Each structure stands twice: as C-alpha cells, then as structure tokens.
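Here the structure is a predicted model, which means the values were calculated and not measured.
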Amino acid sequence: MIEASLPPEGVRRTIDAVWKMESAKIAAGLTRMVRDVGLAEELAQDALVSALEQWPESGVPDNPGAWLMAIAKRRAVDHIRRSARLERRHEQIAYELEQRQPDGEPDDVLRLMFLSCHPVLPTEERVALTLRLLGGLTAAEIARAFLAVEPVIVQRIASAKRTLTEEGVPFELPDGAELTERLSSVLDVIYLIFNEGYSATSGDDLMRPELCLEALRLGRLLAELAPHEAEVHGLVALMELQESRSAARTSPSGEPVQLHEQNRGRWDRLLIRRGFTAMLRAREAGGPPGPYMLQAAIAVCHAQAATAADTDWPRIASLYETLSRLLPTPVVQLNHAVALGMAYGPEAGLAVVDSLTGDPALRDYHLLPSVRGDLLLRLGRREEARREFLRAGSLTGNDAERAFLRRRADEIPAPQAPTLTLWQAARDFLARDDLDGGTARSYGQTLRRLRLSLGDELPLDSLTADQVAHVFRTAWSEAAAATWNRHRSAVRSFCAWASLDDLAAGLDRRTVSPARTETIDAARLDALWNLPDVPLRELTLWRLLHESAAGVTTVLSLNVEDLDLDDRRARAGGGWVSWRSGTARLLPRLLAGRARGPLFLADRRPGPARTPAPADLCPETGRGRLSYERAEYLFKRATIPLDPAGHGYTLRQLKPRD
C-alpha cells in the first residue's frame, strides 16, 4: 500500500495514470459480464469514483488495477441481482462471475476493440467511443483533441452505445471472413486517430502529439492481442516510422518542414528501430501484403535514406502503384503522383494530378492544389504555382499549414500589372445595393464554390466556360435539378454584371419534376421530440420548422432582433414566421441573453479564411450562422433510427400535414 500521506494532487495524478492504463481492461471485462457497453462504462466509472473517494485517505493499493476491477465487478454482480428481470440465467451468470478471477479473460480487451470499432457505427462515433473506452479519455479530453465542443462528443459516445445496444452487437470475436472486414475497421479507426494527431485538420498547430501517442498505444496493444495478423504489425510499423519524424516536421515558428528539407538527425532512431521490428513481424506473419504493410514499406524507404537525395523514389513509386491497385482511392493516387514526380520528373506527376482535379472526393482537399503547385513550380510555371499555393491555403483548416502555403505563394513575385481577380469581382458583385439578403447568400454560395475550386487569385479575364463546366460537374453533378438551375442562374447573373460572355451557356437547364414531400407522421414526430441527448439548438430548429410551416432557408435566416417572443412571431422578409408553445418554451433558453445576430449559430467560430458576411456573424459570440447543409446533415443523422428506410429524413419533411 502506497503511503496515504501523498498530497491530494499526487493521488489524483496517480489515479489518472492508473485509469489510462487499466480502463480498457476494466471496461472490457465488465462488457463481457453485463453484455452492455454503456452499462459497463457506468460501472467502471463507479469504481473510479470509489478510488477518488477512498485512496486519498487509505492510500493507493499495491495493485490498483485489480482493486478497480474488484470494485467494478462487485457493482456488476449487485446490478444483476437487483435487476427486475432477474431470471435463472442471470443467477447463473452472477454465480459464475463471482468465481472468476478479477482480471477477466485475456481476449476481453480485443473484444472491446472490435465492439467499439463496429461498422454499424459512423466513423466519428467509432473514434470517440474507442478513445473513451480503450483510451480512458474523458469527453472533455476528446473534445480538446479534436477541437470539438464537449456536448458533441458526449452525444457521439451516447449515440454509439445506444446503437450497439439496439443492434444487438455481440461482445465476441468475429471469425472467418468477418474477421478480416472487422479488423480492417479497427485498423482504420486507429490510423484515423493517428493521422488527426500527425496532421491536424484544424487549429493552430500542425500536430496533436497526444493523439499520435494514443494511436500508437492502441496499435501496440492490438499487436499484442492479435500477434498473427500481418496488417496489424504493418500499421504499427507505419505509425512508428511516421512518428519518428515528428521532431523534424515543424520549424521553430511551428510551420511545416517538407520531408526533403527535414534534418534527419532529429529523426528518432529508437522509433525507427521499433518500426523496422514491427515490419519484420508483419512479414513473418505471412500472406500477401495489405494496404498498411505497403504504406509501411514506403515509410521504410524514407527511413533507410541517409539524405533526401538517397531516397529510392522509383521503388516508392512502384509501391504506390501496387497500393493504388489494392486501394484505388484518390488520395493514394495523389501520393502516387508525388512519387512519380520525384522519380521521373514533374511532367509525369502533373499528368496524374491533372487527371484527379475532376474527382469530387478531392474537391476541397488542400493537398491537391499544394502538390500541383509544387510540380508547376518545378516546371517553371511560377504564376500558376503561386495561385495553386494560395488556393491550397484557402482550403486548409489548419493555421500552421495555411501560413506555410501563403508564405510559399508570397515567395513567388505577383504579376506587375494589376489584374481583377475572381475574388475581387465576386466581392464587388455581392456588395451591390440591389441584392436582398437571401439572393446575396444564394449567389455567394455559388461564387464561393467557384473561388474554392479555381482559386481567389484567378484573373477574371482568364475565366473560361470549360472551367465553369468543370466546377459544375465536380460540385453539382448529383444535385437536384432546382439546385443545379439555381447555381447556373447565379453564374449567368455574375457574367452579365462583369461583362463576360455567358460562361454557363453550355450548361443545360434541368427540368424540375414536381414531387410532393412526404411529411413525418405523428408517431415518429413524437419519437423525434423525445430523442435523448439532442442539443438545444437542433431541437429548437426542428420545433420551429414544424410549428411554423416556414421554409428551412427562411427559418435559418432569422435574427434575434427580429423575434417577438410575447406574440410568438418573427419578421422574415416582408412577412412573419409564427410558432406555438413547443418552440416558445425552447427559444429563451436558446437565446441565453443574446440580443443580436443570427438566431441559429454554428458550433464554433469561423476560421480566418472563411469569415462570413457581417449579417451572418453574431457580434456577441463571434460565431457564424448555421448553414442549411450542416442543419440538414445533423437532422438526417439524428432521424436514421426513425426512418424505416434507414436513410434519415430531410428538414422539409417537418412541415405539418395538410
């Protein structure tokens, strides 16, 4: 027993460390016992609370993990005995549990890993639940790591537990063909966590080391639990080798340092050796190389090169070619283009990159214009490269990457003669006095897509019909006819204002088929209002749409200063939107004392490159207006369990029945 005189903060740090190490084992053992991952976590938390209450007085036990498991197990047995549905089978389970050793079966943690990464869950829920159950992270810690708000993470974890229970997902190891599919899901989740730490999608810093370390821990744990799976060792090798470069990946100012410019003396030799060892284990496991083994082999090529000039780029290009046959994703093909450009010259790489520019999956992927800018610069096409770096900077959500890309653009002299750019023309077009708010927002959506796809710095006089058609094919080929026609009309209006040829003339107007929107029936509406863990913003929006029968765009455009809470109505354009008691109860809570700005706000403040118009920005919170797309996505996600077809409903279906 450790001395009880340890300072309280020392005991708390000890408990935190023990919990990080033991929580997965405890949650796994409890899930096997009670067959309910949500209940298992509650019981594990009860044990943690007991430790927080007792250890400051009694001291930390010699075997703290066993102490926590024993307490949690006792609570599980008590729960089973207290259950109103206690039957003979439950009595037998409780008896067996009392006879078992407190540390449970050795495969319990592996079962828990397969459970938390089950394909029935959306990807973001798999990630949150895995970090919660296997990483021992709190919802607040996960939210900080992913720059999300804590209630969103809490909702994801709760939704994941609910789905696993409702779907009856068993707490068992898959076998046969299912094992390969399920293992792939586990590996994907771990690598997704690692990648978010290695190249953060948003925020101030390029990396979030805590996520990299957590993914490495999970990968090493999985390798111990599944020692004969080659792809598991391949993933561990890949992460070890990539993590070995972390210290050299950023400059003192925090900007990225490209691979060929990194100080290889700062690469971690211990992690490189661990990566090589994991790669040997992957090969010893046998079988054809999978995606993670191939990516690890590429990382081995980089690690073996003493200098950037020594890198075996033809070998890397060959490995990427093999990987692209096995995993033909656009991102793999983009990496293949980089390798081809390094091995056989920039023309070879640019040919592949240009073939990817029409892929919708890469539409807003900042590395596509970044890679294209590199290749163009090597070919001496400097002005095109400058515009590509600027476009890449506008697409990334990471501040460090944005600063790096803009610096690269600034290093290339701009043309001497001032030229009206697409961004300047779009700004002036939308600033006209004769555009009402709704029209300006609609036109703004169209022009923002043109700017993101073609670049803010594109000279307006070089804009062509082929470029516009390319944007339409990439962004709106699957859109509804009304959406397609709306964007087409916006481009035609813009061209007329800018004295350009009609660049949308070659885009046919689509026929809009009248279709009646099926509304949600009363029973499902009642279930919707009673869904657990629904954020206040969403619940208020749904109620208001249902009770007012107003259009979604109209409701999302409401401002706080337009509301008349006493009369239950709000001014919208030239008319009024009114509501009933359900909305009336929610609105004061949603406002929380705000007197100005959009009624429905986005989850967080916009990044510097995506500042909304002043009318769409809350002066009190700094957050922008909730977008139609985001509101629609959240509603569809929330209503998947209610929709017999399993697709989820649209916001328009909230209108009351005639």
- request: With side-chain contact (heavy atoms from CB on, under 4.5 Å) as the test, would you mind laying out the steps for Val555 and Phe600 before giving the verdict?
  value: CA-CA 9 Å; Val555 169; Phe600 296 102; 3.8 Å; yes

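Here the straight-line distance linking atom OG1 of Thr553 with atom CZ of Arg441 works out to 8.5 Å at 0.5 Å rounding. The distance from atom CG of Leu590 to atom CD of Glu538, rounded to the nearest 0.5 Å, is 9.5 Å. Here Arg580 contributes atom CZ and Leu544 contributes atom CG; the two are 11.0 Å apart, rounded to the nearest 0.5 Å.
Aromatic pair Phe635/Tyr649: ring centres not closer than 6.0 Å.
A salt bridge is absent between Asp603 and Arg623: the closest approach of a Lys/Arg side-chain nitrogen to an acidic carboxylate oxygen does not fall below 4.0 angstrom. Taking 4.0 Å as the cut-off between side-chain N and carboxylate O, Asp364 and Arg449 count as a salt-bridged pair. Salt bridge Arg571/Asp562: absent, no basic N to carboxylate O contact under 4.0 Å. Look at Glu125 and Arg637 and you find a salt bridge, because one of the NZ, NE, NH1 or NH2 atoms lies within 4.0 Å of a carboxylate O, short of that distance. A salt bridge does not link Arg524 to Asp643: none of the charged nitrogens lies less than 4.0 Å from a carboxylate oxygen.
A side chain to side chain contact (heavy atoms under 4.5 Å, CB included) with Arg625 is found for one member of Leu617, Asn559, Leu601, Leu599 and no other, namely Asn559.
In this structure, Leu121 and Ser116 approach most closely via the heavy-atom pair CD1-O, 3.7 Å. Listed here is the closest heavy atom pair of Val560 and Pro598: CG2-O, 3.9 Å. Nearest approach of Cys117 to Arg126, heavy atoms of both residues: O-CD, 3.6 Å.
Thr621 and Arg594 form no side-chain donor-acceptor contact under 3.5 Å, judged by distance and modelled atom types alone.
For Glu478, the CD atom sits in a loose shell: 12 or fewer heavy atoms of surrounding residues, nucleotides or ligands are nearer than 6.0 Å.
Although no hydrogens or angles enter the test, the distance criterion places no donor-acceptor pair under 3.5 Å between the side chain of Arg249 and the main chain of Pro256.
Under the side chain to side chain contact (heavy atoms under 4.5 Å, CB included) criterion, Ile640 pairs with no residue, sequence neighbours left out. Partners of Ala602 by side chain to side chain contact (heavy atoms under 4.5 Å, CB included), not counting sequence neighbours: none found.
Looking at heavy atoms from C-beta onward, Glu240 lies in side-chain contact with Leu216 at the 4.5 angstrom threshold. Taking 4.5 Å as the limit, every side-chain heavy atom of Arg406 sits out of range of all side-chain heavy atoms of Ser394.
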